[in-house]
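Here's the structure we're looking at; comments come further down.
None of the values given here were measured: they were computed from a predicted structure. As a basis for the values below, the full set of heavy atoms in this structure was taken, side chains included, without hydrogen atoms, waters or symmetry mates.
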Amino acid sequence: MQAWQVHQLGEPSQVMQLQDVERPVPGEGQVLLKVRAANINFPDVLMCRGHYQVRPPLPFTPGVEICGETEDGRRVLANPALPHGGFAEYAVADAAALLPAPDTLDDAEAAALHIGYQTGWFGLHRRARLEAGETLLVHAAAGGVGSAAVQLGKAAGATVIGVVGGADKAAVARELGCDVVIDRRTQDVIAAVKEATGGRGADVIYDPVGGEAYTQSTKVVAFEGRIVVVGFASGSIPSPALNHALVKNYAILGLHWGLYGTKNPKLILHCHEQLTELAARGAIKPLVSERVPLGGGAAAVQRVGDGVTTGRVVVVPSLENGAAA
């Protein structure tokens, strides 16, 4: 089979190599899956660079989220067991962790439903306890993680403010349903949020960016507000001033979704049931901006790493090279 392999760490476009390799052999409790679609996540970029908390042995195949097909023909969602990741024709995954792919979503959409939407659901509902009528601020609202949070916030009855970088991403955020869109490149984020909320600020802030975005969050969080720390796509990890959190009476909530797989896996299944129901009634639908063939995998991962994409970019092995759709 063909698979993208990383033999040394660095930028994805430089270190990912498409090679002919043997199909992975499932270990105890694992299954072999034919990859129907593999969604690109920022952790795939970080893994190539050697900056992720999980460091698979070299060589490895990136790709932490797929829609796959079992030997008996079932469509499932899975997190492949590294080092045999999803940017390949076949991957392996733990049998006990497979989730049924929603019938209302195609392969690429289904592949993009898992990590980003689970993270959004846990962040907004389990950690921040978002309530209908509250104001939700989402940083990087047009990205893969942010777009999921926007849709989930709207489905929960919140007023959603989306922060983006650039006019194209602002248009995407409006299409996603943001009530207010702020372009950080041309607007003062802090002033714009205060204006949009009548000076009150946002009840819940969803931050997959870190750096300056986190600093802005602390200045616009409402009384009894909650800042959900999801990641650091900016590359800068902030150091919170806890005296500021005390004086303004807000909470800083960390979210590591992967821990639920070992600490409370039943919640992941419950969340998937909630997401499947929301997808069935059209309340959420992953924004797939690109479907690329397997041969375009490295370039696509690099684009995600460079921050120039919107929504989700998905590798679909059945597409012919040059036939991106």
Side-chain angles (χ1 to χ4, degrees), residues 11-13 37 39-46 65 105-106 108-109 111-113 115-117 119-120 136-155 158-193 195-196 202 205-214 216-217 220 230-236 284-293 296-316 319 322-325:
E11 287 301 302
S13 61
N39 179 42
I40 299 173
N41 287 268
F42 201 70
D44 297 314
V45 178
L46 295 177
E65 176 178 45
L105 302 178
D106 67 23
E109 293 166 341
L113 182 74
I115 296 176
Y117 281 84
T119 300
L136 167 67
L137 172 65
V138 180
H139 289 287
V145 174
S147 61
V150 168
Q151 292 184 354
L152 288 167
K154 291 299 296 180
T159 297
V160 180
I161 301 173
V163 178
V164 299
D168 291 345
K169 293 186 177 182
V172 170
R174 291 188 188 95
E175 292 174 11
L176 285 166
C178 286
D179 298 282
V180 177
V181 178
I182 300 170
D183 185 347
R184 59 179 172 80
R185 294 183 181 175
T186 60
Q187 295 175 267
D188 182 321
V189 173
I190 296 169
V193 173
E195 180 182 356
I205 301 177
Y206 192 80
D207 181 15
V209 179
E212 179 63 21
Y214 177 83
Q216 293 166 347
S217 298
V220 298
V230 185
F232 312 104
S234 67
S236 175
I284 61 173
K285 185 181 180 68
L287 171 63
V288 177
S289 58
E290 293 182 69
R291 291 170 169 83
V292 301
V301 174
Q302 186 66 56
R303 289 198 298 277
V304 171
D306 292 341
V308 298
T309 60
T310 56
R312 289 299 192 184
V313 181
V314 182
V315 176
V316 182
L319 286 175

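In terms of modelled atom types and a separation under 3.5 Å, the side chain of Gln187 and the main chain of Asp183 share a donor-acceptor contact. Side-chain N or O atoms of Thr310 include none that pairs as donor or acceptor with a backbone N or O of Ala142 at under 3.5 Å. Asn41 contributes no side-chain N or O that, together with a main-chain N or O of Asp44, makes up a donor-acceptor pair within less than 3.5 Å.
Within a 6.0 Å sphere centred on CG of Asp188, heavy atoms belonging to other residues, nucleotides or ligands number more than 12.
Between Leu46 and Phe232 the shortest side-chain heavy-atom distance does not fall below 4.5 Å. Taking 4.5 Å as the limit, some side-chain heavy atom of Ile40 sits within range of a side-chain heavy atom of Val315.
The list of salt bridge (Lys or Arg N to Asp or Glu O under 4.0 Å) pairs with a residue in residues 299-309, not counting sequence neighbours, reads Glu290-Arg303. Within the structure, every pair that satisfies the salt bridge (Lys or Arg N to Asp or Glu O under 4.0 Å) test and touches residues 171-182, not counting sequence neighbours, is listed here: Lys154-Asp179.
Partners of Ser147 according to the side chain to side chain contact (heavy atoms under 4.5 Å, CB included) rule, which considers only residues two or more places apart in sequence or in another chain, are Leu176. The salt bridge (charged side-chain N to carboxylate O under 4.0 Å, His left out) test applied to Asp106 returns Arg291, not counting sequence neighbours. Applying the side chain to side chain donor-acceptor pair (under 3.5 Å) rule to Glu109 yields the partners Lys285; only residues at least two apart in sequence or on another chain are considered. Residues that satisfy the salt bridge (charged side-chain N to carboxylate O under 4.0 Å, His left out) test with Glu11, not counting sequence neighbours, are Arg49.
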For side-chain contact (heavy atoms from CB on, under 4.5 Å), just list the numbers for Arg312 and Val145, CA-CA rounded to whole Å, side-chain angles, deciding distance to a tenth of an Å, and then say yes or no. CA-CA 9 Å; Arg312 289 299 192 184; Val145 174; 4.0 Å; yes

Please evaluate residues Ile284 and Leu113 with respect to the criterion side-chain contact (heavy atoms from CB on, under 4.5 Å), reporting the C-alpha separation (whole Å), side-chain torsions for both, the decisive distance (0.1 Å), and the verdict. CA-CA 9 Å; Ile284 61 173; Leu113 182 74; 3.9 Å; yes

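The heavy-atom pair separating Leu136 from Gly153 by the smallest distance is CD2-CA, 3.8 Å. Taking each heavy atom of Tyr117 and Leu152 in turn, the nearest pair found is O-CD1, 3.5 Å. Shortest non-hydrogen contact noted between Val181 and Ala173 is CG2-CB, 3.9 Å. Closest non-hydrogen pair, Gly211 versus Ser234, comes out as N-OG, 3.6 Å. Considering every non-hydrogen atom in both Pro286 and Ala112, the closest pair reads CB-CB, 3.8 Å. When all heavy atoms are compared, the tightest approach of Pro12 to Val45 is CG-CG1, 4.2 Å.
Once rounded to the nearest 0.5 Å, the distance linking CG of Leu137 with CD1 of Ile161 reads 6.0 Å. Here the straight-line distance linking atom NZ of Lys169 with atom CZ of Arg184 works out to 7.0 Å at 0.5 Å rounding. Rounded to the nearest 0.5 angstrom, Glu195 CD and Ile182 CD1 are separated by 9.0 Å.
Partner of Val288 under the side chain to side chain contact (heavy atoms under 4.5 Å, CB included) criterion, chosen from Asn39, Val314, Val316: Val314.
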